[in-house]
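See structure below.
Numbering of ligands and ligand atoms starts at 1, following listing order.
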Amino acid sequence: MTAERTAPERLTEDQAAAELARLAAAIARHDRLYHQEDAPEISDAAYDALRRRNDAIEARFPQLVCADSPNRRIGAAPASGFAKVTHRVPMLSLDNAFEDADVQAFDQRVRRFLGLGADEPVPLVAEPKIDGLAIALHYEDGRFVLGATRGDGTTGEDVTRNLATLRSIPARLKGRTPARLEVRGEVYMERADFLALNRAREAADEPVFANPRNSAAGSLRQKDMAVTASRPLRFFAYGWGDLAEDLGPTQWACLDRLDALGFTTNPERKLCAGVDEALGLWRAIEAKRASLPYDIDGVVYKVDRLDWQARLGSVGRVPRWALAHKFSAETARTTVEDIVVQVGRTGALTPVANLAPVTVGGVVVSRATLHNEDEIQRKDIRVGDTVVIQRAGDVIPQVLAVDLDQRPKDARPFDVPTACPVCGSAAVREDGEAVRRCTGGLTCPAQAVERLRHFVGRDAFDIEGLGEKQIAAFFEAGLVRAPADLFRLEARDATAEPRLAEREGWGTVSAANLFHAIAERRRVPLARFIHALGVRRVGEGMARVLARRYRTFAAWRSAMDAVARGDADARADLLAIDKVGDAVADALAAFFAEPHNERTLDALAAEVTVEDAEERAAGTTLAGKTVVFTGTLERMTRDEAKARAEALGATVAGSVSRKTDFVVVGSDAGSKAAKARELGVTTMTEDEWLALAEAALGGRPPPAGRGGRGKWRGTS
Ligand code: IVH
């Protein structure tokens, strides 16, 4: 057996020295591929396995830790060097569908929202979903002035000079142009060009790109524009952002206009009369997928009428008027090397299969989630089995089936754990629950670490530079046990022994960067704060709903304390919020009834400033108001009325209470209208409400998905 496969505890010192040198070189190479060349060759899990192996060997042979240890080197800096660009209109992403039924449901949702009859046609534009990277091109008086990557949808990178080298990006537009025009689309590389580029790189002993997408991204983000110019990149236009004047009344007309201005739109695009025709196009495109010169991963459908698009608006980061219908996921066969159990933030134990690494859809996969013990039993997955795995889009790989013919005699069934693998507390499965949970609560380090990870995560406090490994190490060293400790880290470090910069894996620069990243997060929007606490059943969307309703941290906290004390009015107010049911109310009550959580909150509140929830459309008459709709509305559907009210900054509640500001009464209204009168809450007719809404908006339909706040990634 070579040293590469030997367990760390069985290595001789000589073997360990050789193995550490091999690992240091491999890790440095993967860092460079990942950070500087956008061309990772191995999965994150495989990379983590290399790091873990390195750390285990270093722990056994501390005398062998040398200057080029991956833990001493500061991680390869990202090839930033590009100025940041904030998108005036956020660059949205798309909801995914995999089945025809999902597409039909999309058509139904659109109809319901707009209140269209069953036989009213809803024409859709269908076109391939290109596997490249989204960019935005800004033109002023017909001249190309700025080009940016999508980035996180709110902020991207200025790659103007590089984009200017693409032949399919016109420097000057043809004909009459709007004074200000932002065109959006996909930069991609054709498959043949990608293969030729890789052949040339291989011949020159340069690392090859994993797939055309990585190759396009890597080629665009070059500091030297001459390199980009030498790469065969192309651009398909499929949309727009900020505009000084409309391009046309429909998606289709706008695409024609983009063609006329000198852009290339996808030649496969088609205007379909309705969902059936769109599904037909999906099948036709899937059939010719392999013969298209570029990689695609599905078909995108967009509601053709732009007035409808505007009314439909968006939910979070995805428009209600568009859908990506993906092709089925790629599958591969591999073997299960082990089944391990992970402990999550809420104590849930999740079995995970460690797999012999295999490439699926251009990415190396070495783990797959097995969900829970019932799932393992249902599929009868054992250690040693050959399994078929599937990877669809960004989702975690799944095991589809076991090949029983290949089952070795010594295949080992999964032992259901009765104790938490991390803290040893009993692991129990409650009646009616699919998951088994560790009962250790906060005494379980895995749960505590997972909570901290959630707290610093992208959708919560978004502290850069704090990954799983760093959090676990801080926890173990006793530096950070609770969220508030993060904010005391810098002050404590001044007198700490050793200083953070002297700890393994850290240096002066990375420590200073971390303190800076933490300091930037001392002000936090209420919704992020609520989400960061990790209350069960309170995800990002629910946190936003709560923030919008209670507006300030103080108001939210005192209301939740009251709910925890069993105050019936406070609970009724909470339940009056649309989307809040008993399960959420119970989870909040349980969280606030726990003295430990109260102490965590006190400590945090002493360190950070929680910003009041923004009125979504500050200054409008409806901002901050609570509205209830009752009875049948004549001029728009309940969904649309609700979306409009919310776009104007109002909260829509499901039942009338003393806190309700207006009740909009449609025809055949029942008890809610009566209750409003009884409580003295203002009531109005649908027409009165519409007049109020129109006045607040200046007569325009609501903007489609505003949001995002410069410095925070994603929505806040
Ligand atoms: S439309 C609001 N159309 O898919 C709609 N996107 O999953 C935003 N993409 O970030 C995008 N081909 O990078 C649209 N024909 C197409 C597309 C397309 C590829 C990508 C794009 C976007 C991602 C969303």
Short N/O distance, under 3.5 Å, between Val300 and ligand 1?
no
Closest approach of any protein heavy atom to atom 5 (C) of ligand 1, naming residue and atom:
Leu94 CD2, 3.7 Å
Would you say the side-chain atoms of Arg161 pair up with the backbone N or O of Met225, donor to acceptor, closer than 3.5 Å?
no
Test your reading of the model: is there a side-chain donor-acceptor pair from Arg231 to the backbone of Leu197, 3.5 Å cut-off?
no
Donor-acceptor pair, distance only, cut-off 3.5 Å: does the side chain of Arg289 make one with the backbone of Ile296?
yes
Check each atom of ligand 1 against the heavy atoms of Glu127 and keep those under 4.0 Å away; list them by number with element.
3 (N), 15 (N), 16 (C)
Should one rank Lys129, Arg317, Glu186, Gln309 by closest heavy-atom distance to atom 4 (O) of ligand 1, which comes out on top?
Lys129
Going by the closest heavy atom to atom 11 (C) of ligand 1, which one wins out of Phe236, Tyr238, Tyr188?
Tyr238
Atom 2 (C) of ligand 1 has as its nearest protein heavy atom Pro319 CG, 3.5 Å
Show which atoms of ligand 1 fall inside a sub-4.0 Å distance from at least one heavy-atom site of Arg150.
10 (O)
Hey, can you tell me if Phe235 and Phe263 have their rings parallel, tilted or perpendicular (30° and 60° cut-offs)?
perpendicular
Are Arg269 and Trp252 in a cation-pi setup, meaning NZ or CZ lies under 6.0 angstrom from the ring centre and within 45 degrees of the ring axis?
yes
In terms of residue, atom name and distance, what is the protein heavy atom nearest to atom 12 (N) of ligand 1?
Ile130 N, 3.0 Å
Within 45 degrees of the ring normal and closer than 6.0 Å to the centroid, is that where the cationic atom of Arg221 sits relative to Phe82?
no
Sub-4.0 Å heavy-atom approach of Lys302 to ligand 1:
yes
Close N or O approach (Pro128, ligand 1; < 3.5 Å):
yes
Would you say the side-chain atoms of Thr228 pair up with the backbone N or O of Ser219, donor to acceptor, closer than 3.5 Å?
yes
For ligand 1 and Ser93, I'd like to know whether there is a polar contact (N/O to N/O, distance under 3.5 Å).
no
Would a distance-only check, ignoring hydrogens and angles, find a side-chain to backbone donor-acceptor pair under 3.5 Å from Arg305 to Thr250?
no
Any atoms of ligand 1 less than 4.0 Å from a non-hydrogen atom of Leu92? List them with their elements.
2 (C), 8 (C)
Angle between ring planes, Phe236 versus Tyr294, binned at 30° and 60°: parallel, tilted or perpendicular?
perpendicular
Can you find an N or O of Trp321 that's nearer than 3.5 Å to an N or O of ligand 1?
no
